[in-house]
Amino acid sequence: MRTSHTYDAKLAYYHITQLAFPRLVDSVGEAEAQDYIVEQFTALGLDVSWEPFSFTKFPAEVLPRILSALFVPVVLFVPWFGERFPLILCFACLLSLAMAMFFTQWQKRLEGLYDVGRRHRTENIIAKNGAKQDDNTPAFLCIAHYDSKSQVLPIAVRAICYGIAIIGLVVLTTLMFVRLFTLIWLPNYIVWGVAGITSFCLLLLQINLTRNHSPGGFDNASGVGVMLEVARVVMAREEKKSVTFLATGAEEYGMCGALRYIQAHADEYDPKNTYVINLDGLGVGDGVNLVTRYGIPPTHTARALADLFRASGESLGIPVSDRYLPIGVGLDSIPIASHGFETVTLTARGIGRVALKVHSKEDRSELLNEESLQEVGELVVDVIERAG
């Protein structure tokens, strides 16, 4: 084991190259990735444990398709029947829009949906530095998911489809209110145009099947590689703060590993004195994105921790930009934040360069650069050191 106290992106990138192969849940690649991560954590002297958990694919694979299928007839009924039955269609559009907004937020009351349907099993990998949390210094939970997936639609296209569908529902709901209260009805070609585009996006999301063809270099071998190198530095410096490293499974099926971990371990942490750092999609562009808001309307996941990252970025000369994640993409930080913890997700500022390659065969480690990996690693190490 290297004893250097300095974060080294070359070592992080080496880990990434060793993990950049298809590793969907229940695949041979997933087992190989798990073994590699455990081997690396163990070699660092961390206290390592496997934690099996069960989940179902219903929330990530089935429920979105059911909702999309329910929305399509409502959308198409607007140009067909909206002029004659404005009250009924206004109510239907409003209800559909409310449902769509509802599901852009994490709902603790619906976590039971992860037990609906056929059960699957995988593992979280937990590694601790052995320090105990106290009242004077914060504990850290550093997360990166190790699974990957490919889909028919690149993640950027999926997010755009969700966005257009939401906008379409808003426009159609507005048209129905206008018709109901002013009796004005726009030309049919305009109404049909909005309904047609909205329906097309909803139907397109139905074909977004999951496969195991992506090497997942950016999503998310990059996050695991950075986490492994941060863990090496933490152990080399004999960090006195409590630091837990969590490699989550089944993130690509709805952040299942993060959810199961916080359900099982929330009582072990003080939410007011614990910082959660999620690493997901790193190594392209200059600087780091700090995701601290998601959903419609926006839900904040961190304030004090976000301030720490901004201060570290300013001190180190690393650009740190705040980002808002409205819809279409899930992050491990979201279910943990819903349980009352300060969480941030770090992503690359240059994500636009690779957005069309995520969840595809083209998501390879060659997309990444060491300069970007160096920035995010230095930032995480500095935040851990300066907190307290």
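Computed over heavy atoms, backbone and side chain alike; hydrogens, waters and symmetry mates excluded.
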Enquirer: Okay, side chain of Glu378, backbone of Gly313: is any donor-acceptor separation there less than 3.5 Å?
Expert: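 Answer holds: no.
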Enquirer: Can you check whether Glu32 reaches Arg23 side chain to side chain, under 4.5 Å on heavy atoms?
Expert: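 No, every pair of side-chain atoms sits at 4.5 Å or beyond.
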Enquirer: Say whether, by atom type as modelled, one donor and one acceptor occur between the side chain of Asp47 and the main chain of Gly130 under 3.5 angstrom.
Expert: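 No, because the side chain of Asp47 does not come within donor-acceptor range (under 3.5 Å) of the backbone of Gly130.
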Enquirer: To the nearest 0.5 Å, what is the distance between CG (Leu325) and CD1 (Ile296)?
Expert: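 Separation between the atoms: 10.0 Å.
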Enquirer: Got a salt bridge between Asp322 and Arg303, using NZ or NE/NH1/NH2 to carboxylate O under 4.0 Å?
Expert: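 No, Asp322 and Arg303 are not salt-bridged.
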Enquirer: Please tell me if the side chains of Leu373 and Ile16 come closer than 4.5 Å, counting only heavy atoms from C-beta onward.
Expert: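 Result yes, sub-4.5 Å side-chain heavy-atom pair found.
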Enquirer: Hey, are Asp134 and Thr137 close enough side-chain-wise for a donor-acceptor pair under 3.5 Å?
Expert: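 Present: a donor and an acceptor within the cut-off.
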Enquirer: Go through Val354 and Asp363 one step at a time and tell me if the side-chain contact (heavy atoms from CB on, under 4.5 Å) criterion holds.
Expert: CA-CA 8 Å; Val354 299; Asp363 184 5; over 6 Å; no
Enquirer: Does Tyr36 OH have over 12 foreign heavy atoms under 6.0 Å away?
Expert: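 Result for OH/Tyr36: enclosed.
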Enquirer: Less than 4.5 Å apart, side chain to side chain, heavy atoms only: is that true for Val74 and Cys93?
Expert: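 They are in contact (side-chain heavy atoms under 4.5 Å apart), so the answer is yes.
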Enquirer: Quick check: does any side chain N or O of Tyr114 sit under 3.5 Å from a backbone N or O of Gly254, one acting as donor and the other as acceptor?
Expert: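 Yes, Tyr114 side chain to Gly254 backbone: donor-acceptor pair under 3.5 Å.
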Enquirer: As an exercise, state the distance from CG of Leu305 to CZ of Phe140, rounded to the nearest 0.5 Å.
Expert: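 If I round to the nearest 0.5 Å, the distance is 6.5 Å.
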Enquirer: Walk me through it: do Asp8 and Arg232 pass the test salt bridge (charged side-chain N to carboxylate O under 4.0 Å, His left out)?
Expert: CA-CA 10 Å; Asp8 188 346; Arg232 184 195 66 76; over 6 Å; no
Enquirer: Please determine whether side-chain contact (heavy atoms from CB on, under 4.5 Å) holds for the pair Phe341 and Ile262, giving the CA-CA distance in whole Å, both sets of side-chain angles, and the decisive distance to 0.1 Å.
Expert: CA-CA 10 Å; Phe341 291 87; Ile262 205 62; 3.6 Å; yes
Enquirer: Can Thr122 and Glu30 be counted as having a side-chain donor-acceptor contact under 3.5 angstrom?
Expert: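 Per modelled atom types, Thr122 and Glu30 side chains form a pair under 3.5 Å.
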Enquirer: Is the backbone of Gly257 close enough, under 3.5 Å, to the side chain of Asn124 for a donor and an acceptor to pair up by distance?
Expert: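 Answer holds: yes.
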Enquirer: Quick one: are Phe218 and Arg364 in side-chain contact, heavy atoms under 4.5 Å?
Expert: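 When only atoms from C-beta onward are counted, Arg364 and Phe218 do not touch, as no gap falls below 4.5 Å.
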Enquirer: Do the rings of Phe81 and Phe77 sit parallel, tilted or perpendicular, given the 30° and 60° boundaries?
Expert: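 Taking Phe77 first and then Phe81, their aromatic rings stand perpendicular (interplane angle over 60°).
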Enquirer: Other residues, nucleotides and ligands only: do more than 12 of their heavy atoms fall within 6.0 Å of CZ on Phe58?
Expert: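 It does: Phe58 CZ has more than 12 such atoms within range.
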Enquirer: For a 4.5 angstrom cut-off between non-hydrogen side-chain atoms, does Glu362 reach Leu356?
Expert: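 No, every pair of side-chain atoms sits at 4.5 Å or beyond.
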Enquirer: Output the distance between atom CG (Leu11) and atom OG1 (Thr6), rounded to the nearest 0.5 Å.
Expert: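 Between Leu11 CG and Thr6 OG1, I get 11.0 Å after rounding to 0.5 Å.
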Enquirer: Considering the options Gln263, His265, Glu111, which one meets the side chain to side chain donor-acceptor pair (under 3.5 Å) requirement together with His339?
Expert: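 So, applying the side chain to side chain donor-acceptor pair (under 3.5 Å) to His339 and each of Gln263, His265, Glu111, only Glu111 qualifies.
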Enquirer: Establish, from distance only, whether the side-chain atoms of Arg386 and Ser312 form a donor-acceptor pair under 3.5 Å.
Expert: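 Yes - a donor-acceptor pair under 3.5 Å links their side chains.
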Enquirer: Please determine whether the number of non-hydrogen atoms from other residues, nucleotides or ligands lying under 6.0 Å from atom OH of Tyr324 exceeds 12.
Expert: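 Buried by this count: over 12 neighbours within 6.0 Å.
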Enquirer: Rounded at 0.5 Å granularity, tell me how far CG in Asn129 sits from SG in Cys142.
Expert: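 If I round to the nearest 0.5 Å, the distance is 11.5 Å.
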Enquirer: Would the distance check show the side chain of Thr173 and the main-chain N or O of Leu169 forming a donor-acceptor pair, the cut-off being under 3.5 Å?
Expert: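 Yes; judged by distance alone, with no hydrogens or angles, the pair exists.
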Enquirer: How about Asn278 and His145: does a side-chain donor come under 3.5 Å of a side-chain acceptor?
Expert: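 No pair is found: no donor N or O on one side chain lies under 3.5 Å from an acceptor on the other.
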Enquirer: Which heavy atom of Met176 sits nearest a heavy atom of Pro86, and at what distance?
Expert: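 Closest heavy-atom pair between Met176 and Pro86: CE-CA, 3.5 Å.
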Enquirer: Does Ser365 reach the main-chain N or O of Gly217 with its side chain, forming a donor-acceptor pair under 3.5 Å?
Expert: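 Pair absent, no side-chain N/O of Ser365 close to backbone of Gly217.
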Enquirer: Counting C-beta onward and ignoring hydrogens, is there a side-chain heavy-atom pair between Asp219 and Glu252 closer than 4.5 Å?
Expert: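 Side chain of Asp219 against side chain of Glu252, heavy atoms only: contact under 4.5 Å found.
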Enquirer: Counting distance only, does the side-chain N/O of Thr104 pair as donor-acceptor with the main-chain N or O of Met101 below 3.5 Å?
Expert: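 Confirmed, Thr104 side chain pairs with Met101 backbone.
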Enquirer: Would you please say whether a donor-acceptor pair under 3.5 Å links the side chains of Tyr146 and Gln34?
Expert: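 Yes, a side-chain donor-acceptor pair sits under 3.5 Å.
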Enquirer: Strictly distance-based, threshold 3.5 Å: is any side-chain N or O of Arg179 a donor or acceptor partner for the main-chain N or O of Trp185?
Expert: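 A pair under 3.5 Å: no.
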Enquirer: Report the distance from atom OG1 of Thr198 to atom CG of Leu203, rounding to the nearest 0.5 Å.
Expert: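 If I round to the nearest 0.5 Å, the distance is 11.0 Å.
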Enquirer: Tell me, with the steps shown, if Tyr294 and Gln105 meet side-chain contact (heavy atoms from CB on, under 4.5 Å).
Expert: CA-CA 8 Å; Tyr294 79 97; Gln105 302 281 345; 4.0 Å; yes
Enquirer: Find out whether Asp286 and Glu375 are in side-chain contact, i.e. whether some heavy atom of one side chain is under 4.5 Å from a heavy atom of the other.
Expert: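 Sidechains of Glu375 and Asp286: in contact.
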Enquirer: Can you tell me how far the OH atom of Tyr261 sits from the CD atom of Glu268, to the nearest 0.5 Å?
Expert: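 The OH atom of Tyr261 sits 6.0 Å away from the CD atom of Glu268.
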Enquirer: Starting from Ile160, walk the hydrophobic network (Ile, Leu, Val, Met, Phe, Trp, Tyr; side-chain heavy atoms closer than 4.5 Å) and list everyone else you reach, by chain and number.
Expert: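 Its cluster partners, ordered by chain and number, are Ile164, Ile197.
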Enquirer: For Lys357, is the NZ atom crowded, meaning more than 12 foreign heavy atoms sit under 6.0 Å from it?
Expert: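 No, the 6.0 Å shell around NZ holds no more than 12 heavy atoms from other groups.
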Enquirer: Counting only heavy atoms from other residues, nucleotides and ligands, does the tally under 6.0 Å from CD of Glu314 exceed 12?
Expert: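 No, CD of Glu314 has 12 or fewer neighbouring heavy atoms, counting only those of other groups under 6.0 Å.
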Enquirer: Using side-chain contact (heavy atoms from CB on, under 4.5 Å), reason through Thr301 and Ile334 one step at a time and then give a plain yes or no.
Expert: CA-CA 8 Å; Thr301 64; Ile334 291 173; 5.6 Å; no
Enquirer: Would you say the side-chain atoms of Ser148 pair up with the backbone N or O of Pro215, donor to acceptor, closer than 3.5 Å?
Expert: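 Here the side-chain-to-backbone pair does not exist.
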Enquirer: Would a 4.5 Å heavy-atom cut-off, applied to side chains only, mark Val226 and Leu346 as touching?
Expert: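 No - every pair of side-chain heavy atoms lies 4.5 Å or more apart.
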Enquirer: Begin from the C-alpha positions of Lys241 and Glu239 and carry the test salt bridge (charged side-chain N to carboxylate O under 4.0 Å, His left out) through to its verdict.
Expert: CA-CA 6 Å; Lys241 300 184 186 73; Glu239 177 60 58; 3.5 Å; yes
